[in-house]
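Only one structure is covered here, and it is reproduced in the block below.
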Protein chains: 2
Amino acid sequence: MPSRVPAPGNPVRGSKSGKPIMALFDLLGRSWSLGVIWQLANGPLTFRQIQDRCEQMSPTILNRRIKELTASGFVEKGDQGYQLTSAGAELFTFLKPLGGWSKKWADALSSEERQQ
Amino acid sequence: MPSRVPAPGNPVRGSKSGKPIMALFDLLGRSWSLGVIWQLANGPLTFRQIQDRCEQMSPTILNRRIKELTASGFVEKGDQGYQLTSAGAELFTFLKPLGGWSKKWADALSSEERQQ
DNA sequence: TAGAATGCTACGCTTATTGTAGCAACAGGA
DNA sequence: TCCTGTTGCTACAATAAGCGTAGCATTCTA
């Protein structure tokens, strides 16, 4: 068994406290977790569609992330493929503003680099 | 050299597209990135204070995360220790609501488990 | 001026992620 | 029915990331 699913009562990867925010950060702080949620926000996707939209992430990891996100109640399997649960959609509302904001960050960073 | 710093023009860990949101997710999707930002939001902390509040995370990784977050413009070194930059503080405003929300998520998850 | 704290680095080990290959199950279409 | 394509994976080997302990050089502090 490669990795446990982070959850309040089931803390992982150093998240020994079991504090909800740390369990959440542990879950989201794994490769592609945020990306998968981001992509599913636009509607259901099949396994391979998620791979395509996440730069061909390896099936090994996608499978693992799907299991974790499902166990954590953010993702479920529907008729159209994998989709966000209502909790997942709620989580996305917090993430959504980061889309536009990240562009500002990108611009600020690159202009800083130009100054150096 | 262990890991590159994710940035819009310097994409990492599969983030080949260089899309700002994916670069941001790549950065935040590394162990303890979110946790460090979370802890620094309450004010400056020293290296060892961050370790203490992040469940004794290993200095190897803390050092690496600090370098990445500094290069990305979210963290800087001040007189009182490490602190969020204005960009870091801005990023935290998006993260902040997750604190309370994660508790609701925790409760929902554990009551689900009880039903099974 | 002897601790104590601080900010690390080194090192060996475990765990995570990647990339490629491929397989079983199902769905049309000829 | 047989062929072809899609889907959702699993296996495997290799690389990268993270962990934990030890320790060291440099300030602070009493």
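None of these values were measured; they are calculated from a predicted model.
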How close or far is atom [atom2] of [N] from atom [atom1] of [X], stated in whole angstroms?
X	N	atom1	atom2	value
B/Leu62	D/dC19	CG	P	11 Å
B/Gln56	D/dT21	CD	P	10 Å
A/Ile61	D/dA16	CD1	P	15 Å
B/Met57	C/dT9	CE	P	13 Å
A/Lys67	D/dT10	NZ	P	4 Å
A/Asp26	C/dT15	CG	P	15 Å
A/Gln51	C/dA21	CD	C1'	13 Å
A/Glu68	C/dT17	CD	C1'	12 Å

N/O-N/O pairs, protein side and nucleotides 10-12 of chain C side, under 3.5 Å:
residue : atom : partner : partner atom : Å
C/dA10  : N6   : B/Thr60 : OG1          : 3.4

Those residues that, when tested against [X], pass side-chain hydrogen bond (donor to acceptor under 3.5 Å, both in side chains) (two or more places apart):
X	answer
B/Lys77	B/Tyr82
A/Lys96	none
A/Trp38	none
B/Asn63	none

If the cut-off is 4.0 Å, is [X] near the phosphate of [N], judged by side-chain N/O to OP1 or OP2?
X	N	result
A/Arg64	D/dT10	no
A/Trp32	C/dT18	yes
A/Arg65	C/dT17	yes
A/Ser58	C/dG19	no

All side chain to side chain contact (heavy atoms under 4.5 Å, CB included) counterparts of B/Pro44, not counting sequence neighbours: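 If we apply the side chain to side chain contact (heavy atoms under 4.5 Å, CB included) test to B/Pro44, skipping adjacent residues, the hits are B/Gln80, B/Gln83.
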
If you take the centroid of each ring, where Trp contributes its six-membered ring, are A/Phe74 and B/Trp105 closer together than 6.0 Å?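 Ring centroids of B/Trp105 and A/Phe74 are less than 6.0 Å from each other.
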
Proximal nucleotide (of D/dG18, D/dT10, C/dT18) relative to the A/Asn63 side chain: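 Among D/dG18, D/dT10, C/dT18, the one nearest the side chain of A/Asn63 is D/dT10.
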
Taking only residues two or more places apart in sequence or in another chain, which ones pass salt bridge (Lys or Arg N to Asp or Glu O under 4.0 Å) with A/Lys103?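 A/Lys103 satisfies salt bridge (Lys or Arg N to Asp or Glu O under 4.0 Å) with no other residue.
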
Which residue pairs satisfy the ring pair (Phe, Tyr, Trp, His ring centres under 6.0 Å) criterion with at least one member in residues 42-73 of chain B, sequence neighbours excluded?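 Output for this query is empty, none listed.
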
Verify side-chain contact (heavy atoms from CB on, under 4.5 Å) between B/Leu91 and A/Leu98, making sure each step is shown before the conclusion. CA-CA 8 Å; B/Leu91 175 59; A/Leu98 288 176; 3.7 Å; yes

Using a cutoff of under 3.5 Å, can you pull out all pairs of nitrogen or oxygen atoms linking the protein to nucleotides 4-8 of chain D, with atom names and distances?
residue : atom : partner : partner atom : Å
D/dG8   : OP2  : A/Phe47 : N            : 2.5
D/dG8   : N7   : A/Arg48 : NE           : 3.1
D/dG8   : N7   : A/Arg48 : NH2          : 2.8
D/dG8   : O6   : A/Arg48 : NH2          : 2.3

